[in-house]
Amino acid sequence: MSHEHVSYLELLARGAATEAYDRPVLLARASGAGTEALAELEEAKQLALRVRAELEGRRRREAELSALFATAHDLAGLRDLDAVLRAIVQRARSLLGTEVAYLSLNDPAAGDTYMRVTEGSVSARFQQVRLGMGEGLGGLVAQTARPYVTDDYFEDPRFQHTRTIDAAVRDEGLVAILGVPLSLGSQVIGVLFAADRRARVFEREQVALLGSFAAHAAVAIDTANLLAETRSALAELERANDIIREHSAVIERASEVHDRLSELVLHGGGVHDVAEAVSEVLGGTVEFSEEGAGAARRAGGHAVREGDDWVAAVSAGGETLGALVLHGQPDLDPVDQRTLERAALVTSLLLLARRSAGEAEQRVRGELLDDLLDAPDRDRRLLRERAARLRTDSEAPHVVLAARIDRAGAAPDPDAGGREGADRQRLWSAATHLAATRHGLASARDGGTVLLLPLGPGESAADLARQTARSLGGTLREPVTVGASAPVRAPLDRPDQVAVAYEEARRCLDALVLLHRSGQGAAAEDLGFLGLLLADGRNVDGFVDRTIGQVVAYDRRRGTDLVRTLDAYFASGMSPARTKDELHVHVNTVAQRLERVGRLLGPDWQSPSRALEIQLALRLHALSDAVTGG
């Protein structure tokens, strides 16, 4: 396979833009390739473009099917009709790429049509408009029960224009409009629209996609009506059965479990306490499982039988949190099924309460850190009290860490804004969990996250930065870059130093990115002379010791002259011959000394970056000796 063919495979693999596929042909032409080779390459380019178009089409179809599946899932757990319709309109607008989408319903009682849901609309008049039956594009769709599209609404004579409709459409600025019917059997109950504020052509696939969403919306409306009728009928039936159930042993069990569940909730019981209580009452074994809701998820809150087990989904707000599974009672009467369902409802409330408590604690941790960074003059006694409630050790040395997801070298993303917002939320969530487990603080800031974590025994700021980068990167499955400050002793006693340390951590983070070390964690001490410039403490002695400390120590122990040899070696342009003249020794002596230096500093000590650091350390060491008289 030629290099150019491999180039097209690489372009496909990284999802390159269409323009990039011209480059291999241009390079081949510039290198003098023959006509036959250029023709073959052009054919390969066209084939690659066809493959790219096919992949794009499949990705688009996958997104459409995913949205339709999510809509079907919404219908299966229908609780709030408005929420389901709003989700349908939002997905339609997103997948068709229109500026506005909306749904209107017929009102037989009033004899007109009204807006039920709008997405992307900015005009209050448009959102509140009511239309007479048969008017506008929607009227044409309703009359014919077929989709209609107009490239230019005001110039289209096919439907009945009215002053009210035209004023609302003009106020919204709409030009191109597509409408599809919401049908129940042969009856049109409303219209789903997608519209743009510019002229555009809606493709056949887009019309079909909007029609699929309209079918889901019609089912949602019909389901909601049926549910309302069913609830009404069930309410009447339950009232009629109350007298019979009063003397039933099954009702006594239901009452018992209700009381026990209420007591558990009031006394702070957990999920497993609920499972144990229901096990005793129903005479089986109940367990909570985060997996395996299966058919129960589709049963709309009802317990369902799966083999010899009964399963009730634990869900809230359309989110499935798990399931209660009853073993050992395959023949469960309807009231006991309801008992299992109530236990699942109580379990969902306990899980939501635990989640809310965790989120509240995360917010409190973030607020305390924000106060340390933004308002260091706050009452320190109150700051310590707040830290104590969060089980934070305010006396221990802490390190401020700045963390950010950096996709170095990633291809341009048209949805980068939304992706960055999601990244920040995911990073904040992972960081707050890490802060809670390490008794520290975390907050979202400056496009990333800032953490204040205590140092463990024998742990350095650099160690903590590397651990944090590994921990957050492993949790998010993304490279996370972390810069650390020098330790801050008792930060609640010196809140003004926290903001200073944060700026140092941010500079360290930016330096890591500039040094192409994204996904790593480091403190200033890891960055050589660059770290010396970044650190607020300007730890000159620490830099000298890290850079040439072994050579200085060797001279002191052995009475050798390696430091002076190094100084002369660099002063003479790294020439052994000129160095021996400067020191008045034999060239073999210079070679032996430099070999010893290599064993002490490592084989790469003469590389440009290491040599620069060593020369700077030699100057600082000489200056320090001059100042101290050493």
Side-chain angles (χ1 to χ4, degrees), residues 399 408 458-470 479 481-484 486-487 507-535 537-583 585-625 630:
V399 172
E459 193 174 45
S460 69
D463 294 335
L464 187 54
R466 286 188 284 271
Q467 291 173 16
T468 303
R470 285 195 299 269
T481 310
V482 177
R507 290 196 296 272
C508 187
L509 169 62
D510 292 338
L512 284 171
V513 176
L514 290 172
L515 292 172
H516 304 291
R517 291 174 60 181
S518 294
Q520 299 182 26
E525 64 191 57
D526 293 318
L527 302 179
F529 72 90
L530 180 57
L532 185 66
L533 299 175
L534 292 172
R538 301 291 191 268
N539 185 6
V540 173
D541 291 340
F543 170 73
V544 172
D545 184 60
R546 288 192 300 273
T547 308
I548 61 171
Q550 289 185 314
V551 176
V552 173
Y554 189 88
D555 277 352
R556 287 174 181 166
R557 288 196 312 269
R558 304 292 183 89
T560 52
D561 217 4
L562 298 183
V563 170
R564 194 162 72 91
T565 301
L566 266 178
D567 206 15
Y569 179 63
F570 285 119
S572 63
M574 301 174 73
S575 165
R578 288 196 292 271
T579 302
K580 61 99 175 171
D581 293 336
E582 174 69 23
L583 298 176
V585 297
H586 194 276
V587 69
N588 289 341
T589 302
V590 173
Q592 291 168 2
R593 292 179 181 179
L594 294 179
E595 182 182 358
R596 172 61 61 184
V597 168
R599 287 200 292 271
L600 292 171
L601 298 183
D604 66 335
W605 71 275
Q606 296 188 72
S607 65
S609 60
R610 286 290 308 279
L612 179 60
E613 289 190 358
I614 293 169
Q615 291 176 72
L616 177 58
L618 288 169
R619 296 292 179 88
L620 293 172
H621 176 64
L623 180 62
S624 175
D625 279 352

Practice item. Please collect all salt bridge (charged side-chain N to carboxylate O under 4.0 Å, His left out) contacts where either partner lies in residues 585-597, sequence neighbours excluded, each pair once. Key: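 Residue pairs passing salt bridge (charged side-chain N to carboxylate O under 4.0 Å, His left out), neighbours aside: E595-R599.
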
Check your understanding: Does any pair with a residue in residues 564-581 pass salt bridge (charged side-chain N to carboxylate O under 4.0 Å, His left out), and if so which ones, sequence neighbours excluded?
Key ->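 Counting only pairs at least two positions apart or across chains, the salt bridge (charged side-chain N to carboxylate O under 4.0 Å, His left out) contacts touching residues 564-581 are D561-R564.
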
Check your understanding: Can L562 and Y569 be said to form a side-chain contact (heavy atoms from CB on, under 4.5 Å), step by step?
Key -> CA-CA 10 Å; L562 298 183; Y569 179 63; over 6 Å; no

Review point. When you look at D555 and R558, which way does the salt bridge (charged side-chain N to carboxylate O under 4.0 Å, His left out) test go after all the steps?
Key: CA-CA 5 Å; D555 277 352; R558 304 292 183 89; over 6 Å; no

Point to revise | Verdict with reasoning, V597 to T565, per side-chain contact (heavy atoms from CB on, under 4.5 Å) | key: CA-CA 10 Å; V597 168; T565 301; over 6 Å; no

**Study point:** Main-chain N/O of L464 paired to T468 side chain as donor or acceptor, under 3.5 Å
**Key:**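 Here the side-chain-to-backbone pair exists.
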
Check your understanding: Got W605 and V551 here, is their nearest side-chain heavy-atom distance under 4.5 Å?
Key ->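 Heavy-atom side-chain distance check fails, nothing below 4.5 Å.
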
Give the minimum heavy-atom separation between [X] and [Y], together with the two atoms involved.
{"X": "A465", "Y": "A522", "result": "CB-N, 3.4 Å"}
{"X": "G519", "Y": "P479", "result": "CA-CB, 3.8 Å"}
{"X": "V399", "Y": "A484", "result": "CG1-CB, 3.8 Å"}
{"X": "S518", "Y": "T481", "result": "CA-OG1, 3.3 Å"}

Check your understanding: Taking only residues two or more places apart in sequence or in another chain, which ones pass side-chain hydrogen bond (donor to acceptor under 3.5 Å, both in side chains) with Q520?
Key ->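 side-chain hydrogen bond (donor to acceptor under 3.5 Å, both in side chains) check on Q520 returns R517.
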
Practice item. Look up atom CG in L594 and atom OG1 in T579, then write down how far apart they are to the nearest 0.5 Å. Key: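 Here the interatomic distance stands at 7.0 Å.
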
Exercise for review: Would you please test S607 and D604 for side-chain hydrogen bond (donor to acceptor under 3.5 Å, both in side chains) and show each step?
Suggested key: CA-CA 5 Å; S607 65; D604 66 335; 4.5 Å; no

Practice item. Report the C-alpha distance between I548 and Y554 in whole Å, list the side-chain angles of each, state the deciding distance to 0.1 Å, and finish with yes or no for side-chain contact (heavy atoms from CB on, under 4.5 Å). Key: CA-CA 10 Å; I548 61 171; Y554 189 88; over 6 Å; no

Practice item. Given side-chain contact (heavy atoms from CB on, under 4.5 Å), test V482 with L509 step by step and report yes or no. Key: CA-CA 6 Å; V482 177; L509 169 62; over 6 Å; no

